[in-house]
Amino acid sequence: GPYAPPALALSFSVLRGRIFGLIGPNGAGKSSTIRMLMGLSRPDSGSVRVFGEEAMRMERATRQRIGYLSEQSVEDHGLPLSGLLRYHSAFFPTWDWDCVDELVRRIAVPRDRPLDEMRAGQRRRCELVLTLAHDPDLLVLDDPTVGLDATVRRDFLWAALELARDDGKTIVFTSHVLHDVERIVDTVAILRDGRIAANDELDALLGRTKRVVLLGAAEADVPALDGELSRTSRGSDLILVTERFDDALERRLRRQHEAVVENLNLEELFCEHASVGETVEETAEESR
């Protein structure tokens, strides 16, 4: 039957000047969240506010403070960047050609070659110029590197990151490639079935989510831990993952067991939070 998006019940905020990563399995609600953030769909209850205004009722001047780049390429690929920029400039009263010229120079893309004659990575960089040309305060990058190889993906993201950080822009970034998310975001939220499973500074989230291997421990001997995400047996060892690891917990475990504490990367943390099933496996595979 037709796809039915999950019911969303979530709350988060993005601080000015931060890079916020929104991740989750396919169907978790990322696209629906972005649509509400952009004022393209209305929440059944609650509110979505951007720059202090209701997203569905943003003034035109407020909307012009947002730059949006999705996985879908822009239309009119038969035109060169110079023609596309002239077309876009008509919609922005504060358009500054000097700033646009500097942007084109910094991102290093040709002005006069039709986009459909360019390689995918160069075309994406031109689309980034179009997204940034009106100098938005908020940049929404919705899975913008789909189909790009690893080197091109990295170059594109670093170009976006450098420009945004230099100018103090706020970024909301979604991607299936979790290595990219881990590389650039300050804060991350993990969506699961339309709800926030985790939301914090990336360093804090990784700092308190640990894999603990208890050597020679039987499952029955270890009660459930606070914040326990999973437990599995491997040979004679018990492996626990908790999102509330701290020094006190480590001391308590080591009083009774020989323990090895291991760090997780974002992909491993994501897989712990995400629902077990085919969607998770596909998403994790895409991120490799």
Side-chain angles (χ1 to χ4, degrees), residues 6 8-12 18-30 143 150 153-154 157 173-288:
L8 296 175
L10 49 88
S11 175
F12 65 87
R18 305 293 281 171
I19 301 176
F20 179 85
L22 184 65
I23 63 175
N26 295 329
K30 299 187 300 297
D143 223 353
R153 238 183 29 241
R154 181 195 61 202
L157 288 172
F173 175 53
T174 77
S175 178
H176 286 86
V177 185
L178 301 186
H179 296 309
D180 289 347
V181 178
E182 186 168 9
R183 186 181 295 125
I184 75 167
V185 303
D186 303 309
T187 306
V188 66
I190 300 175
L191 280 183
R192 183 182 61 206
D193 299 327
R195 288 166 169 77
I196 297 286
N199 179 18
D200 206 341
E201 297 281 330
L202 177 61
D203 289 344
L205 197 57
L206 294 175
R208 69 169 184 266
T209 307
K210 302 290 184 181
R211 181 188 299 112
V212 183
V213 182
L214 300 179
L215 305 178
E219 184 170 353
D221 295 337
V222 183
L225 306 180
D226 288 342
E228 184 174 313
L229 297 174
S230 68
R231 62 169 55 197
T232 54
S233 295
R234 185 178 62 193
S236 60
D237 302 332
L238 181 63
I239 304 172
L240 308 173
V241 176
T242 175
E243 61 177 341
R244 296 184 188 173
F245 184 85
D246 58 19
D247 292 341
L249 175 60
E250 182 175 9
R251 287 193 298 270
R252 179 162 61 85
L253 290 173
R254 289 190 185 279
R255 280 198 295 266
Q256 298 175 329
H257 308 278
E258 185 177 354
V260 177
V261 179
E262 300 175 348
N263 296 324
L264 277 66
N265 60 31
L266 182 59
E267 180 178 318
E268 293 169 319
L269 187 149
F270 167 81
C271 290
E272 289 291 341
H273 277 287
S275 300
V276 176
E278 183 177 5
T279 302
V280 176
E281 292 169 4
E282 290 176 348
T283 306
E285 182 65 28
E286 288 179 7
S287 69
R288 294 193 176 96

Starting from the C-alpha separation in whole Å, work towards a yes-or-no answer on side chain to side chain contact (heavy atoms under 4.5 Å, CB included) for Gln256 and Val222. CA-CA 9 Å; Gln256 298 175 329; Val222 183; over 6 Å; no
Within the structure provided, determine whether Arg244 and Leu249 are in side-chain contact (heavy-atom separation under 4.5 Å). no
Rounded distance (nearest 0.5 Å) linking atom CZ of Phe270 with atom NE2 of His176: 8.0 Å
Looking at Gly216 and Asp237, what are the two nearest heavy atoms and their distance? N-OD1, 2.9 Å
How close do Leu238 and Ala218 get, counting heavy atoms only, and between which atoms? CD2-O, 4.2 Å
Does CD belonging to Glu262 count more than 12 external heavy atoms closer than 6.0 Å? yes
Which heavy atom of Ala197 sits nearest to which heavy atom of Glu243, and what is that distance? O-OE1, 4.5 Å
Quick check: closest heavy atoms across Ser175 and Leu178, and the distance to 0.1 Å? O-CD2, 4.1 Å
Using only atom types and a distance under 3.5 Å, with no angle test, would you say the side chain of Arg254 pairs donor to acceptor with the backbone of Ala259? yes
Option from Asp203, Asp246, Asp200 for which side-chain hydrogen bond (donor to acceptor under 3.5 Å, both in side chains) with Arg208 holds: Asp200
Is it true that Lys30 and Asp143 have a side-chain N and a carboxylate O under 4.0 angstrom from each other? no
Is any side-chain heavy atom of Glu201 closer than 4.5 Å to one of Arg18? yes
How far does CZ of Arg234 sit from CG of Leu215, to the nearest 0.5 angstrom? 9.0 Å
How far does CD of Glu267 sit from CD1 of Ile23, to the nearest 0.5 angstrom? 10.0 Å
For Ser11 versus Asn199, what's the shortest heavy-atom pair and its separation? O-ND2, 4.4 Å
Would you give me the side-chain donor-acceptor pairs under 3.5 Å for residues 180-189, sequence neighbours excluded?
{"unit_1": "Asp180", "atom_1": "OD1", "unit_2": "Arg183", "atom_2": "NH1", "d": "2.8"}
{"unit_1": "Asp180", "atom_1": "OD2", "unit_2": "Arg153", "atom_2": "NE", "d": "2.7"}
{"unit_1": "Glu182", "atom_1": "OE1", "unit_2": "Leu266", "atom_2": "N", "d": "3.2"}
{"unit_1": "Asp186", "atom_1": "OD1", "unit_2": "Arg165", "atom_2": "NH2", "d": "3.0"}
{"unit_1": "Asp186", "atom_1": "OD2", "unit_2": "Ile19", "atom_2": "N", "d": "2.9"}

May I ask you to test the Leu225-Val212 pair for a side-chain heavy-atom distance under 4.5 Å? no
Between the CZ atom in Phe20 and the OG1 atom in Thr174, the distance rounded to the nearest 0.5 Å is 11.0 Å
Ionic contact status for Lys210 with Glu250, cut-off 4.0 Å: no
Rounded distance (nearest 0.5 Å) linking atom CG of Leu229 with atom SG of Cys271: 12.0 Å
For the pair Thr242 (side chain) and Asp226 (backbone), establish whether a donor and an acceptor sit closer than 3.5 Å, ignoring hydrogens and angles. yes
Is there side-chain contact between Thr209 and Glu268, with heavy atoms separated by less than 4.5 Å? no
Nearest atoms (heavy-atom pairs only) where His257 meets Ala217: ND1-CB, 3.8 Å
About how many Å separate CG of Leu269 and CG of Leu205, when rounded to the nearest 0.5 Å? 5.0 Å
